[in-house]
Structure formats: structure tokens, C-alpha cells
Amino acid sequence: MTDRFDALVIGGGVAGSTAAILLAAAGWNVALVEKRAFPRRKVCGECIAAPNLALLDALGVGDEFRALAGPPLERVGLYAGDDELHAKLPRLRDGAPYGRALGRERLDTLLLARAQELGAAVYQPWSVVDAARRDGDHVCTLATNRAGESATVTAAVLIDAHGSWEPSPMAGMRTRAETRGSDLFAFKANFLRARLEPGLLPVLAFDGGYGGMVLGGGGQITIACCVRRDALRGARADAAGGSAGAAVEDLLRRCAGVRRALDGAERVGTWLSVGPIRPGRRAIWNERGGFAVGNAAGEAHPILGEGISMAMQGAFLLCARLEQRRDELLSGSRQDGVARLYERDWRRAFAARIRWAALFAALAMRPASRALLPVLKAWPALLTAGAIVGGKAHAAPVTSLSTCKRASVRLEPESRAKVPSAPAAQR
Ligand SMILES: Cc1cc2nc3c(=O)[nH]c(=O)nc-3n(C[C@H](O)[C@H](O)[C@H](O)COP(=O)(O)OP(=O)(O)OC[C@H]3O[C@@H](n4cnc5c(N)ncnc54)[C@H](O)[C@@H]3O)c2cc1C
């Protein structure tokens, strides 16, 4: 079979579903391809920062989100060994003041269902296994897990929202990264009956890694963390043949606050893991792979819990630009002009967050940084300031497609923006 759409989105995570909802609501004929069946658990700290609540409202899922999510996150903590300190999280001035947490099995399902409700065609569980550019169209090859089943779908615009923890969907662009001791592996588990104060978001710092703990919906807590490859190797040797999840749990229990929270708690499901993850910016556009959004475009160290923000807000920025140039794009014109504008918007919105997150991650993982603890204890407001520079108090750059005209007024002329050209293969 061959179907043709205005836009095809690869991936039904927060970035992909947000893009599909926005374009479908604006009248585009959209398809979304998601390789996993939903609901599915996913490695993530599951904190949704306050600026995104307005976006969830704009997407039409705000009320359902509020009904399912955990309590508002009003305080941040820092747990390192036996040391603990707490500070206020910054309030967002306009809109919902605080973020909340919700399991990805629920959030992603909610968003994908909304895209479908608005008319997006959802191919699930299907994977995009290749994409090519032919006669101004993107021609994508899809496959299911069932051997031999495949389909071809064409679209004027291709949106790559496949995340960053799985290989590129483009055949021939998949690269095997060399192994580094500094590679991060990410883990997550959920627990019932854990003792964590509602509204508190503790950041966990330990040698070779960092993490976070939060109360989400249904009384479950989520613990998620990143561990360097070398630290994980050491922890697994200490765990004497135990699973990676057990070794990570031992590492986390070196924080007194984690021991206290998990005392008497019951784990729900297994420890999930992904990796290696490599935070940083990637190519935002290329002729064959289309426009990247979410982690496919760039990823901040998860210590700030800003990945969902960047994924959703990035999708708003991209769709605003696509909608502005809709007629040109759908008639097969060149896409590099839109790519320039989107890249500019993206850099302005997220480049600083990526840098701050890298700094905080480096501090959290290094034993030498513990020397800063007395300073933080004396001025806990520094933690609040860290959350502000990390983006927790910044309103989303665009909250509806109709604001795109204003967004373009703020931009410099196109001629001064550089065309992003690095191919996805180099990600
Ligand atoms: C330990 C950890 C903790 C974190 N905690 C937080 C937090 O508290 N708050 C926060 O905001 N962010 C957090 N993040 C970051 C956040 O999880 C990511 O930034 C976010 O999931 C990115 O969303 P996305 O839609 O770009 O990608 P994803 O959520 O990864 O979605 C990509 C989707 O694409 C699908 N896919 C992949 N390849 C294909 C293909 N070829 N064809 C079809 N479908 C495909 C996948 O199945 C997946 O569903 C954390 C990350 C880690 C590692």
C-alpha cells in the first residue's frame, strides 16, 4: 500500500505526538508512526515543568493531565550521601505556578490518543526503517515486527521525533558509536508505599551519576538516574553478579534520603534501562531526514528534568514555522528556509539549557563538588536559582500556532541565519 500525507511524524513520544496534534488541529493531513504498542513504560524522571501545563491545555489534554498527575512540585532537594538540603522551586509567574509528575505510560498515551482524535493516522506498532527524497516528497518505508509486513508512505514534510536512544530510522545513516567510560546509562523504577514528601523533588548526587525522585499519579514514586559506564561497571562488580537494576539501586541507596524513602516500599515492575545516552545538540534538519524535534534535535542532561519541555516546546516552535510556510511546503518548495528559522528559534529557546544542564551534571557526578555543599546549605536559594537558569520559571516560547506571526517578527532576516546542514548520520 502507499498512502500520501501532508506530514509524516516518526515517533509517538511527547515531541512526535505534540507535533501531530498541532498540525492535525491546523488542518494538515498527518500520519504518525510509532514502533511500540502503548501504553508503555519509559525511562524518564516524569516531571513535567510548569511552563508545559499551558501547552497541555492548548493541546486539549490539560484537564486529563491534572486529574492523573501527582501533586504540584513546590520544593527541590539535594541528596548527596548523608547530606540533605531543601529549597523552594521558582514559581512560574503566568499560568500554573508549579510542575507535576505523570508516568510516561499515561502521558504519551494521552497525547497520542488526542492526535488520533484530531484525525492523525496512527501506524502502531510500525517502525520507519528508511526514508528517501523523491520528486519533492519524502518516501518512507515502514515495517512491523511481523516478518515480511511493510508499507510505503509519502509526505511533503517529514518530522523526525524518534528520540535519541535508538538508531536513526534512516538506513545507511546508522552509526555505531565507540564506547567511552563517560557514556551514561539511564535507569528508572517505580515504587508504591515509598516515603517521599508530596511536592518535594529531590535531586540525587553520587559519584559517577545523578538522579531524581518524585511522587507521580496514583501514589507511585518514580526514581530515575544516569550512571557513567565506569561507575556502573564498579557497582555491578560490588553487586557480585546481580542485575544492573539491583546494582543501581545499591548505588542510589548510598543517599540517606533514598534509603528512607524506599524503606518498606514495593517496586512496581522491573528496573528499565537505556543507553548510552549522549546529551548535546544534533542536526535540526537535513534534506533526507526532514526536521528533527525533541531528543532527535538535541538533549539536555536529564539532571534538570527539561527534556519533555524541550520536546513539547520544540514541537510548538517547529509547527509554528511549518504553518507559516504551509502553502510553499505542501507544494514541494525547498525546506531549508524554514529550517533556518526553526534552527534559530530552537537555539534561542534551548541552547542555554543544554549548557547549564551539562554544568550541573558535571558538578553532581564529581566527588570534589561535595566541597560546595556547605555553601549550598548556607544559601539554599542557590538551588532555586539553579532551577531558574535551568528553565523552570520561563514561560514556553510559543503557546499556540497563532503566535507564530509574532515569533517571526522577533527574528533576524533569514539571510543572517546559517543553514543547518550536518547529516543525521553524524548524530
Ligand atoms: C534518566 C532520565 C530522566 C529524565 N527525567 C526527565 C524529567 O523528569 N522531566 C523531563 O522533562 N525530561 C526528563 N528526561 C528526558 C525525557 O525523557 C526526554 O527528553 C523525552 O522523552 C524526549 O521526548 P521525545 O519525544 O523526543 O523522544 P522519546 O520520548 O524517546 O520518544 C521517541 C519515540 O519514537 C519511537 N521510535 C523510535 N524509533 C522509531 C522508528 N524508527 N519508527 C517509529 N517510531 C520510533 C520510540 O518508540 C518512542 O516512543 C529524562 C531522561 C532520562 C534519561
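Start at 1 and go down the list; that is how both ligands and their atoms are numbered.
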Tell me whether [X] has any N or O atom under 3.5 angstrom from an N or O of ligand 1.
| X | result |
| --- | --- |
| V293 | no |
| N295 | yes |
| F38 | no |
| I308 | yes |
| P167 | no |
| G307 | yes |
| S164 | no |
| R40 | yes |

If we count only N and O atoms by modelled type, under 3.5 Å, do the side chains of [X] and [Y] hold a donor and an acceptor together?
| X | Y | value |
| --- | --- | --- |
| W356 | E306 | no |
| R41 | N190 | yes |
| N295 | S164 | yes |

For E74, side chain to side chain donor-acceptor pair (under 3.5 Å) partners two or more places apart: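 In terms of side chain to side chain donor-acceptor pair (under 3.5 Å), with neighbours along the sequence ignored, E74 is linked to no residue.
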Nearest non-hydrogen contact with atom 8 (O) of ligand 1 belongs to which option: C47, P302, P125, A131?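 Among C47, P302, P125, A131, the closest heavy atom to atom 8 (O) of ligand 1 comes from C47.
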Counting only heavy atoms, tell me which of E34, R104, E306, E46 gets closest to atom 21 (O) of ligand 1. R104
Check the pair R75 / E197 against salt bridge (Lys or Arg N to Asp or Glu O under 4.0 Å), numbers first and verdict last. CA-CA 10 Å; R75 295 198 312 138; E197 188 188 312; 2.6 Å; yes
Side chain to side chain contact (heavy atoms under 4.5 Å, CB included) with C225: which of V248, V258, I303?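 Output: one option passes, namely V248.
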Under a 4.0 Å heavy-atom limit, does K42 contact ligand 1 with its side chain, its backbone, both, or neither?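 Looking at K42 and ligand 1, just side chain atoms fall under 4.0 Å.
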Non-neighbouring partners of C47 that pass side chain to side chain contact (heavy atoms under 4.5 Å, CB included), sequence neighbours left out: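 Applying side chain to side chain contact (heavy atoms under 4.5 Å, CB included) to C47 gives L73, L201, V214.
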